[in-house]
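Take a look at the structure below.
Worth saying up front: this structure is predicted, and the values here are computed from it rather than measured.
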Amino acid sequence: MPVVLVGRESQVFVLAMAVGEAASGRGSAVLVEGEPGIGKSALLDWAASRCAGLGMRVLRAGGEELEQELPFATVGACLDVLVTGGEPERARVAGLLRGEGAGRRPGSASHDFVVTEAMLDLVDRWCAAGPVAVIVDDVQWADVQSIVVLHRLCRGIEQYPLLVVLAAQLGPRGEAVAALVRSMQAKGARQVTLGPVAPEAVPVLVEAVAGAAAGPRLMNAAAAAGGHPLYVTELVAGLAREGRLQVSDGVAEITDTGVADPPQTLREVILSRLAPLAPQAQAMMRKAAVLGAGIDLSVLAAVLEVPVLELADVLASATAVGLLAGREDHLQFRHDLIRQVLADDVPGPVRELLRQRAAQALMASGADIEHVAEHLAAVGGGQYGNWLLAAAPELTIRAPKLAVTLLRSAIDGADTATAAALKVHLIRALLWDGGSEEAEQMLHHALSAGTDPTGEAELLPLLMDAYFRQGRLDEAASVAAAAARLEHLEPVRQGRLYGFAAACLLFLGQPDASEHAADQALRAGLQTGDAISQVYGYNTLAGLRLMQNRVDEAVALNTDAMTVFERAKPILMLDPLIVRALCFFAQERLEDLDTVLVTAARRNRDTGGVYLTMTYLIRANLWFLQGRWDDALAEVRTGLDSPDPLRQAPALHGLAAMIGIHRGETSAIDADLASLLASSPLDTRFTVPLRWAHALAEEVRDGPQHALDLLYPLWEQPLPFNPRCIGYRMCADLARLAYAAGDIARLQALVDTTAALLPQQPTASLNATVALCRGLTHDDTRHLLAAAESFAAAGWPLHEAYSREHAATVFARHGQSQPARDELARALTLYTSLDAATDIARARARARQAGIRHGVRGPRGRPKHGWAALSETEHKVALAVAEGRSNPDIAAQMFLSPRTVQSHVSSILAKLGLRSRVEIALSAIADQQAPR
């Protein structure tokens, strides 16, 4: 066992178990905690060596205190994606980290999401090729973005041949690290806490370093270390280095020739390593420690103002005495505690001067601007305003917090013109970094102070953007409209502002004002040829026509928007693909709808677009209607795990709750959802599915009348995002509840309002809905059976079952027993295929009341476990997993999101009672070989 792991047998055993699990296909996470120098890095060394010995891909890095403001610095180093090169997926991540395509993203949250997803896909592909180990030391110093990636890797880790080992210091932690630790603990990660080694292990440790058993004086000196491994090893190695240890008759002992007692503190021990170096070399190493753990030879030579060859000799000597470690082209301090002790020996003013010189050297060498900014931020950097003016746009994307810090410090000492320009950059940096409120205050102050028309035209769009990012759409629309009316404003900019205002007003449900602004945008766009204004105008008008149930007109206008959009690829807030998807949803063009949703999801995922969650929501709604409820739930989970700037989570929760209520899960509406309902006005966007679920839950508890009273207002007052051309899907429940409550007036109103949609929308499902409402209004089995056939043609099994359930009771009332039994059996078969326990219970209760004797137990439900329990999609995913495909590959093949595939794999593991993808493969082979 390596020297530093003496007395760590139990901790090594825990790590060995985790390594073995990951190597065999089931992922595992380990959290190693302890004070600095206690042996965490040594334990990680052992894990890395063990993983490499088993043929695993080993990815390793450590957090650095000086890089906490550099997004993805830690995980980027771990995945080796900080520079372009190698495999295409890795090169893509490197490009994203440099800010490629960031101009198409509205802020750092969107950009970070894109980078995170790309990194997760990369690791996913590696895991498909073989076991992978991700080992990160000093995670307490990791940047927030890296912590998010590590958190996502640990979530669902059991699916992959993946080992994640994180080491962190004990003591106070930032909220991001604390949340990561809590999450790992909640998910059952193994925990290893390192303390001092046991007293009986200290002699073994001393002997391993000294090469012989310790004598009394040496043991007394080692005892002062209190079982701290780094302290013990540094002490013994230092005594040997100074020639103060003598081995005689197999015993190592401190000689009497020493000029002083052994060092009494770890700091003294570490500083003693400098003794063999010349005084000038000692000073160089102390200064080098100020600049970070890694050593950049050319930069350090420039900072210290010494020739490179002379510095190389010093570094070689420092490596020989154990201060540095690594290769010649990649040296770093052997332990961060060593670096810290040396850096603390440098006076504060000198440290600031060194960081300033480092920034200058990096500027001169053309280094990445974020590394220049990292050093400037430590010293204020106020005198570098001109450099900031040039670097701010790129720095804002690559390290927004550093950009904000430096811009603030530079403004104070700048002249009036430079300060004004820097303030605009600061506002943009704040907006990118999510500091919308502060940006808003700065904008108001600048506008109230008075400025020239050109400056005002530049500031108002920023204010508009600040409001939009906070979800304050009414204020965003107001500012956009005000900016568009400014005198001397270029027609191109004016058209874009009107377009932005039109889109906000569409979201707000103000159709008249939205249409006026959209017309202005379109007129300006056509006059100037500006693509952005045209797409805003066409697409907003398409959305308005859809709200007005004028579907054909909506499709035509959206086609115009798509034509311009695909030709020019402009950057704008609206995504015409979403309106196109809603049009195809209304027209029941299912193949076209699926293609559009796949394209929209991919585009929004790759660009950090704000409509990603909506693509999952639309697809989940479609699959709910088609009876693919497990698939719908997978989309819901993916949507809830995605950025949600438009606040669509209530709709996702509501859809999941509806499925739960149909399946007999009485707690589908939990306290949080109930609280959201109570606090949300009727016209709150994206709460229709949640209110629908609430009504179904109340039907179970209080009967149909109360449920009808809750649900019917959504149809009487259709919301901006629930136009009747799409919202009619709730009418089957409305009609069913009205029939059960004896509310003939509402039934007739449903007939009239749904029939009014038919001329624009002659789809199978709408025809079926009208027929169902008519059949219930008049107890007419012809209409009810026609509804059932049309719902079957549309592929809406729940609605078909409703129609057949109603037909069965009407047949029974008319004394037609056999047709009643037949329709009831068909309804129960459909409900059973959906696991719709609530609907099965209701249908059977109505059948008993109507005197229907179906004489058999009815169809058997789908098994809850085993291969037969898998949905069609889950079965396809399972077979693809068995073939060794990665989630991104499966997603591309099946036109799904990689995170949706991950959700399916979790469900597959649960249904099959398995623990890893490897076990899925073995189970698939066994299932295929089983006799049928």
Side-chain angles (χ1 to χ4, degrees), residues 106 457 460-486 489-551 553-566 568-583 600 609-611 614 645-647 683 685-686 718-723 725:
L460 278 172
L462 292 178
L463 180 59
M464 169 190 75
D465 195 41
Y467 283 135
F468 179 73
R469 290 168 192 264
Q470 297 174 61
R472 295 158 63 182
L473 299 183
D474 52 348
E475 292 165 283
S478 176
V479 171
R485 291 192 294 268
L486 287 174
L489 192 66
E490 305 95 319
V492 168
R493 181 173 289 185
Q494 188 177 48
R496 293 178 179 184
L497 289 168
Y498 273 124
F500 188 97
C504 291
L505 293 164
L506 173 65
F507 275 100
L508 291 166
Q510 299 179 25
D512 293 341
S514 178
E515 181 147 8
H516 175 73
D519 285 337
Q520 296 276 54
L522 186 56
R523 185 179 299 111
L526 292 173
Q527 288 174 352
T528 62
D530 180 54
I532 293 178
S533 300
Q534 290 180 47
V535 177
Y536 269 132
Y538 282 130
N539 203 59
T540 302
L541 290 172
L544 286 165
R545 297 297 173 264
L546 192 67
M547 287 171 56
Q548 296 161 354
N549 305 309
R550 295 153 64 180
V551 181
E553 294 177 56
V555 171
L557 286 163
N558 176 256
T559 299
D560 290 337
M562 288 295 303
T563 300
V564 179
F565 183 83
E566 293 300 333
K569 295 290 191 298
I571 301 171
L572 69 170
M573 183 182 70
L574 280 182
D575 184 352
L577 283 173
I578 297 301
V579 174
R580 195 165 193 79
L582 293 172
C583 288
V610 298
Y611 295 93
M614 188 176 284
L646 297 180
R647 299 184 178 100
D683 59 353
R685 291 176 294 136
F686 302 120
L719 307 180
F721 284 87
N722 189 40
C725 62

Where at least one partner belongs to residues 473-485, residue pairs that pass side-chain hydrogen bond (donor to acceptor under 3.5 Å, both in side chains), sequence neighbours excluded: Arg472-Glu475
Test of understanding: with side-chain contact (heavy atoms from CB on, under 4.5 Å), list the residues that count as partners of Thr563, not counting sequence neighbours. Thr559, Arg567
Contacts of Gln520 that satisfy side-chain hydrogen bond (donor to acceptor under 3.5 Å, both in side chains) - sequence neighbours left out: Arg523
Hey, could you give me each pair passing salt bridge (charged side-chain N to carboxylate O under 4.0 Å, His left out) that has a residue in residues 494-504? Not counting sequence neighbours. Arg496-Asp530
Partners meeting side-chain contact (heavy atoms from CB on, under 4.5 Å) with Asp560 (sequence neighbours left out): Tyr538
Can you list everything that forms a ring pair (Phe, Tyr, Trp, His ring centres under 6.0 Å) with Tyr498? Sequence neighbours excluded, please. none
Which residues pass the side-chain contact (heavy atoms from CB on, under 4.5 Å) test with Ala513, sequence neighbours left out? Leu505, Gln510
Among Leu557, Val555, Leu541, Asn558, which residue satisfies the side chain to side chain contact (heavy atoms under 4.5 Å, CB included) criterion with Val579? Asn558
Separation of Gln534 CD from Asn539 CG (nearest 0.5 Å): 12.5 Å
Ignoring hydrogens and geometry, is there a side-chain-to-backbone donor-acceptor pair from Ser514 to Ala502 under 3.5 Å? yes
Out of curiosity, Arg580 CZ to Ile578 CD1, how far, rounded to the nearest 0.5 Å? 12.5 Å
Suppose we screen for side-chain contact (heavy atoms from CB on, under 4.5 Å). Which residues come up paired with Ala503, at least two apart in sequence or across chains? Tyr536, Thr540, Met573, Leu574
Taking every heavy atom of Ala480 against every heavy atom of Ala501, the minimum-distance pair comes out as CB-CB, 3.7 Å
How would you list all residue pairs meeting salt bridge (charged side-chain N to carboxylate O under 4.0 Å, His left out) that involve residues 509-521, not counting sequence neighbours? Glu515-Arg545
The test is side-chain contact (heavy atoms from CB on, under 4.5 Å); show your working for Leu506 and Met547 and say whether it passes. CA-CA 9 Å; Leu506 173 65; Met547 287 171 56; 3.3 Å; yes
Do you know the tightest heavy-atom contact between Ser533 and Gly525? CB-CA, 3.6 Å
Heavy-atom pair with the smallest gap, counting every atom of Asn549 and Cys725: OD1-N, 2.8 Å
Can you list the steps and then say if Met464 with Leu497 is a side-chain contact (heavy atoms from CB on, under 4.5 Å)? CA-CA 9 Å; Met464 169 190 75; Leu497 289 168; 3.9 Å; yes
